[in-house]
J.: 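Have a look at the structure that comes next, please.
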Amino acid sequence: MLNLKFIQENPELVITKLKKKYFDASEIVSQITGLSVRKNEIQATADQCKSEMNKISKEVGLLIREGKTEQANAAKNRTAILKDSIRQLDEDFDRIDQEIFNLQVLIPNLPSDLVPEGRTPEDNLVVKSYGEIPVLPENSLPHWELAKKYDIIDFELGVKITGAGFPVYKGKGARIQRALISFFLDEARASGYLEIQPPLMVNEDSGFGTGQLPDKEGQMYHATEDNLYLIPTAEVPVTNLYRDVIVEAKDLPIKNTAYSACFRREAGSYGKDVRGLNRLHQFDKVEIVQIAHPDNSYELLDQMVAHVEGLVKKLELPYRILRLCGGDMSFTSALTYDFEVFSAAQEKWLEVSSVSNFESFQANRLKLRYRDEATKKPVIAHTLNGSALALPRILAALLENNQTPDGIRIPKVLVPYCGFEMID
RNA sequence: GGAGAGAUGGGUGAGUGGCUGAAACCACCGGUUUGCUAAACCGACGUACGGGUCAUUCUGUACCGGGGGUUCGAAUCCCCCUCUCUCCGCCA
């Protein structure tokens, strides 16, 4: 959510910048600025009335104490009209305030100047490509076949006990999952992140704070009995740790990491890109989250990208880093880098991480602020997060790329975590 | 699931109708004193929105879990909701 004052003061800037996201904000912005003027007028009048009211009330108190009942009653009579207008003004104020808010949440975050022009994923800018595309033997298999062959992931069993998109990991499949999680967490800790183990369910306020609610309500599993939501990513609980918090500037950046299972309804996803591990309703992910000072949030974004890059590199996977174009960016992001690894049997790039700077967009909703050291005033902080990393597609690529006639080779870095060198 | 208690500023916690945006203590911050640390003393110390100002400053309003009501006036009284804690039951 963009800051209201910012919209009021920079309406043209908002409109211009959002063209890059192919969002026409002109109508909304002009409505907002119009309503804001009206809102301020109402507040000025209402405040005046209330001030008058408070004055009279004090007077009445004094008069009663002095025993001047008649004068007190006279004063009381003066409040009737005031009371009516205050009620009316407050109603108008609340209505307009709500209208503004409803419009405000429709405006996407402004893209950073670094965001490339473009409308579709084809327009994303490849900022780096690394690693050899493996050439697989003749009879190589996609990961869902490999999973069956070595009996490490059972999709049908998942369907039986839960439904599609809830795979059952078995034996070395389960162990490699656990290995990846530990590896990712250890790497994050080495990069200075504090490990958090968050709840997997959150309340409505948290869903709102990170922007899943109300817009993406249908994406989350909802336990209606208790009105709790299964988290679609650890970003939700970990960022909400700082909802309604004012941190000290000297404590920035705050760096947290968390492993969590992630639950996504993925309503409306069908077809071949959902085969195997490509798209699941439940999957595992290690997330990194930073709360930053606006002055250096982009520097930190680069550090996060470097961290993720270190992970895929250590896993010996060919990868590329994309800077998303305006049309392909999320609603909330100011700048996003996607990581894709090449899945050799499927012969396609799979997105395994998305690292974003949200600037103050999330923090404004969360009321996450830091206290400026010079002015001592609270200022909206910046938030950033990224996957480091999501497991399923990493596993898919590992299985496919490392298949040999003798089995599937485990990357060196994972061997100590797995306790085995081959899946065979 | 049953019964009870409670929700006040960063924390503890006082406050049952006006002089309370809120005592006191602790923490934090600034200062004085002092070999250092510590202690003592003094001072400052919420947020949001609005108005005026180049700005420091000044000023109005709202906020004591959320919503509604009573009243000239509500942290305080009434109603509804949410959440937390304690005991019992169940249980990894």
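Order of the sequence lines sets the chain letters (A, B, ...), proteins ahead of strands, with each chain counted from 1.
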J.: Considering only B:G69, B:U61, B:U47, which nucleotide approaches the side chain of A:P378 most closely?
T.: B:U47
J.: Just to be sure I understand the rule, does A:L62 reach a base, reach only the sugar-phosphate, or reach nothing, if contact means heavy atoms closer than 4.0 Å?
T.: nothing
J.: With a 4.0 Å cutoff (strictly under), does any side-chain N or O of A:R87 reach OP1 or OP2 of B:G68?
T.: no
J.: A:L89 has an atom CG; how far is it from atom C1' of B:G60, in whole Å?
T.: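 For the pair A:L89 CG and B:G60 C1', the rounded distance is 15 Å.
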J.: For the pair made of CD1 in A:I380 and C1' in B:C49, what is the distance, rounded to whole Å?
T.: 14 Å
J.: Using whole Å, what does the distance between atom C1' of nucleotide B:U61 and atom NZ of A:K50 come to?
T.: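 In whole Å, B:U61 C1' and A:K50 NZ are 6 Å from each other.
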J.: Could you note down all residue pairs passing ring-ring contact (aromatic ring centres under 6.0 Å, His included) where residues 7-60 of chain A supplies at least one of them, sequence neighbours left out?
T.: none
J.: For B:A74 and B:G21, measure between their C1' atoms and round to the nearest Å.
T.: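 It works out to 14 Å between them.
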J.: In whole angstrom, give the distance that lies between atom NZ of A:K83 and atom C1' of B:A74.
T.: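 About 12 Å, once rounded to whole Å.
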J.: Look at the side-chain N and O atoms of A:R65 and state whether any lies under 4.0 Å from the OP1 or OP2 oxygen of B:C19.
T.: no
J.: Rounding to an integer number of angstrom, what distance separates B:A40 and B:C58 when you compare their P atoms?
T.: 31 Å
J.: So, do A:Y229 and A:F263 sit near enough that their side-chain heavy atoms are less than 4.5 Å apart?
T.: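 No - every pair of side-chain heavy atoms lies 4.5 Å or more apart.
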J.: Do side-chain atoms of A:N10 reach the backbone of A:F6 as a donor and acceptor pair under 3.5 angstrom?
T.: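 Yes, A:N10 side chain to A:F6 backbone: donor-acceptor pair under 3.5 Å.
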J.: For the side chain of A:Q43, counting heavy atoms from C-beta on, which of B:G60, B:A48, B:C72 is nearest?
T.: B:G60
J.: Looking at side-chain heavy atoms only, is the closest gap between A:I152 and A:K170 below 4.5 Å?
T.: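 Result no, sub-4.5 Å side-chain heavy-atom pair not found.
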J.: Rounded to the Å, how far apart are A:Q8 CD and B:C49 P?
T.: 10 Å
J.: With pairs defined as Watson-Crick or G-U wobble and both distances under 3.5 angstrom, please note down RNA chain B as a dot-bracket string, | for pairing with another strand.
T.: ((((((((.[[[..)..(.....]]]..((((.......))))..((((((......)))))).[[[[[..)....]]]]])))))))....
J.: Which nucleotide in the set B:G18, B:G50, B:U47 lies at the smallest distance from any side-chain heavy atom of A:S57?
T.: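 Between B:G18, B:G50, B:U47, the one nearest the side chain of A:S57 would be B:G18.
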J.: Expressed as a whole number of Å, how far does the C1' atom of B:G2 sit from that of B:C79?
T.: 25 Å
J.: Taking only N and O in the side chain of A:K377, is any of them less than 4.0 Å away from OP1 or OP2 of B:U47?
T.: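 Checking A:K377 against B:U47: no side-chain N or O falls below 4.0 Å of OP1 or OP2.
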J.: When the C1' atoms of B:U70 and B:G17 are considered, how many whole Å apart are they?
T.: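 It comes out at 12 Å once rounded to the nearest Å.
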J.: Closest to the A:N54 side chain: B:A62, B:G73, B:G60?
T.: B:A62
J.: I want to confirm an ordering. Mapping A:A75 and A:K5 to their closest nucleotides on RNA chain B, which one lands closer to the 5' end?
T.: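 It is A:K5 whose nearest nucleotide is closer to the 5' end.
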J.: Whole Å only: how far is the CZ atom of A:F101 from the C1' atom of B:C49?
T.: 16 Å
J.: Is there a donor-acceptor pair closer than 3.5 Å between any side-chain N or O of A:R323 and the backbone N or O of A:L114?
T.: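 The answer is yes, because a donor-acceptor pair under 3.5 Å joins these two groups.
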J.: For B:U61, does OP1 or OP2 lie under 4.0 Å from any side-chain N or O of A:S51?
T.: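 Result: yes.
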J.: Can you tell me how far P of B:G50 sits from CG of A:D90, to the nearest Å?
T.: 16 Å
J.: Check whether any side-chain heavy atom of A:S333 lies under 4.5 Å from a side-chain heavy atom of A:N357, and answer yes or no.
T.: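 They are not in contact (no side-chain heavy atoms under 4.5 Å apart), so the answer is no.
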J.: Taking B:G46 as the reference, what is the distance to B:A23 when you measure between their P atoms (whole Å, please)?
T.: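 Between the two P atoms, the distance is 11 Å.
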J.: Identify whether NZ of Lys or CZ of Arg in A:R365 sits under 6.0 Å from the centre of the six-membered ring of A:F208 and within 45° of that ring's axis.
T.: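 Ring-cation test returns yes.
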J.: Using atom P in both nucleotides, what's the gap between B:G6 and B:G13 to the nearest angstrom?
T.: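 The same atom, P, in both gives a distance of 13 Å.
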J.: Which listed nucleotide (B:G50, B:C72, B:U61) is nearest to the side chain of A:A44?
T.: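 Closest nucleotide to the A:A44 side chain: B:G50.
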J.: For the P atoms, the ones on B:U76 and on B:C64, what distance do you get once it is rounded to whole angstrom?
T.: 8 Å
J.: Against the six-membered ring of A:Y150, is A:K172 placed for a cation-pi contact (under 6.0 Å from the centre, within 45° of the normal)?
T.: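 Negative - A:K172 is either too far from the ring of A:Y150 or too far off its axis.
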J.: Could you check A:I64 against A:Q48 and say which one's nearest nucleotide on RNA chain B is further toward the 5' end?
T.: A:I64
J.: Is the distance from OP1 or OP2 of B:C72 to the nearest side-chain N or O of A:K55 less than 4.0 Å?
T.: no
J.: Please report, rounded to the nearest Å, how far the P atom of B:G51 is from the CD atom of A:E52.
T.: 21 Å
J.: Given the rule in the ring-ring contact (aromatic ring centres under 6.0 Å, His included) test, do A:Y370 and A:H293 qualify, once you have shown the distances and angles that lead to the verdict?
T.: CA-CA 8 Å; A:Y370 68 93; A:H293 193 287; 4.6 Å; yes
J.: Choosing from B:G51, B:G73, B:G60, which nucleotide comes nearest the side chain of A:D47?
T.: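 Comparing B:G51, B:G73, B:G60 against the side chain of A:D47, the answer is B:G60.
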J.: Roughly how many Å apart are B:A5 and B:G60, using the P atom of each and rounding to a whole number?
T.: 42 Å
